[in-house]
Amino acid sequence: LKLGVHVFPFPPYENDLFWSVVKSLLPLMMVIAFSYPFVIIAKTIVDEKATRVKEAFRILGGSNTAYLMSYIISYFIIFTISAAFLVWCLCANVYTKSDPFLMFIGIELFGL
């Protein structure tokens with residue numbers, strides 16, 4: 001039995017070009033993925049202010065709570081689609097060992 005301190009066998013370092021490209025493009029991809037819902041939200045708010053949809057909804061007997069819940073539900077759906085697409089892109093190549101469900105929950109909470 002031979003005892004002593006030995007170097008643990010480890011494969012040589014490989015310089016992978018993929019990770020250097022992903023390191024620079026991943027933040028841009030995340031910003032673009034979350035920019036689209038915010039653009040849609042801003043466009044919808046401006047259009048509804050111009051056409052006075054909220055006033056017409058109130059005249060027809062709708063409550064303020066129903067109006068706000070319609071906003072919350074529609075934007076939740078938009079952010080969910082955006083988060084699902086982002087998780088699909090990230091889990092395909094970048095985070096292959098991560099749990100997609102936990103990543104989806106984290107991105108969804110970030111979007112809300």
Side-chain angles (χ1 to χ4, degrees):
L1 186 66
K2 188 176 181 182
L3 295 175
V5 178
H6 300 286
V7 178
F8 190 75
F10 195 76
Y13 177 75
E14 295 179 17
N15 190 8
D16 193 2
L17 183 63
F18 174 75
W19 291 111
S20 62
V21 171
V22 166
K23 184 171 47 173
S24 62
L25 289 180
L26 186 63
L28 178 67
M29 187 176 74
M30 292 185 73
V31 166
I32 290 173
F34 279 110
S35 294
Y36 178 72
F38 287 116
V39 169
I40 296 298
I41 290 169
K43 178 188 166 296
T44 305
I45 290 172
V46 169
D47 286 344
E48 288 188 4
K49 288 283 187 186
T51 58
R52 298 183 181 197
V53 172
K54 185 175 181 179
E55 287 82 8
F57 185 73
R58 297 292 300 262
I59 289 171
L60 292 174
S63 67
N64 200 24
T65 306
Y67 183 73
L68 291 176
M69 285 305 292
S70 70
Y71 265 120
I72 291 171
I73 290 170
S74 63
Y75 296 143
F76 180 76
I77 291 170
I78 291 172
F79 277 118
T80 301
I81 291 170
S82 178
F85 177 71
L86 190 59
V87 167
W88 177 71
C89 289
L90 291 176
C91 286
N93 291 325
V94 180
Y95 299 116
T96 55
K97 306 266 189 220
S98 297
D99 185 17
F101 179 73
L102 291 176
M103 189 179 296
F104 175 77
I105 294 297
I107 292 174
E108 183 73 24
L109 291 175
F110 176 75
L112 296 178

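Excluded from the calculations below are hydrogen atoms, water molecules and symmetry mates; all remaining heavy atoms, backbone and side chain alike, are included. Treat the numbers as computed from the prediction; the structure is a model and nothing was measured. Counting begins at 1 with the first residue of the sequence.
- Residue pairs meeting the salt bridge (charged side-chain N to carboxylate O under 4.0 Å, His left out) criterion with at least one member in residues 37-52, sequence neighbours excluded: K43-D47.
- With contacts defined as side-chain heavy-atom distances shorter than 4.5 Å, the pair I41/I78 does not qualify.
- Closest approach of V87 to P100, counting heavy atoms only: CG1-O, 3.7 Å.
- Under a hydrophobic-cluster definition in which Ile, Leu, Val, Met, Phe, Trp and Tyr are linked whenever side-chain heavy atoms come within less than 4.5 Å, directly or via other members, L17 and L28 are assigned to the same cluster.
- Both I107 and Y95 belong to a common hydrophobic cluster when Ile, Leu, Val, Met, Phe, Trp and Tyr are linked at side-chain heavy-atom distances under 4.5 angstrom.
- Two different hydrophobic clusters hold Y67 and I72 under the rule that ILVMFWY side chains link at heavy-atom gaps under 4.5 Å.
- Under the rule for a side chain to side chain contact (heavy atoms under 4.5 Å, CB included), S74 has no partner lying at least two apart in sequence or in another chain.
- Taking I81 as the reference, I77 meet the side chain to side chain contact (heavy atoms under 4.5 Å, CB included) condition, with sequence neighbours excluded.
- The salt bridge (charged side-chain N to carboxylate O under 4.0 Å, His left out) analysis of residues 74-87, with sequence neighbours excluded, yields no pairs.
- Atom CG in L86 sits 11.0 Å away from atom CD1 in I32 (nearest 0.5 Å).
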Report, one line per pair, each donor and acceptor closer than 3.5 Å where one atom sits in a side chain of residues 54-61; sequence neighbours left out.
residue : atom : partner : partner atom : Å
K54     : NZ   : N64     : OD1          : 3.4

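- Criterion: ILVMFWY side-chain heavy atoms under 4.5 Å apart, direct or through other members. Under it, V31 and F79 are not part of a common hydrophobic cluster.
- In this view, T80 and E108 satisfy the side chain to side chain donor-acceptor pair (under 3.5 Å) rule, not counting sequence neighbours.
- Side-chain heavy-atom separations under 4.5 angstrom define the hydrophobic clusters, and the remaining members of the one that includes W88 are F85.
- Under a hydrophobic clustering in which Ile, Leu, Val, Met, Phe, Trp and Tyr are joined whenever their side-chain heavy atoms come within less than 4.5 Å, directly or via other members, F38 and V46 fall into different clusters.
- Here T65 pairs with S63, M69 under the side chain to side chain contact (heavy atoms under 4.5 Å, CB included) rule; sequence neighbours left out.
- Here F104 pairs with nothing under the ring pair (Phe, Tyr, Trp, His ring centres under 6.0 Å) rule; sequence neighbours left out.
- Residues passing the side chain to side chain contact (heavy atoms under 4.5 Å, CB included) test with L109, sequence neighbours excluded: I105.
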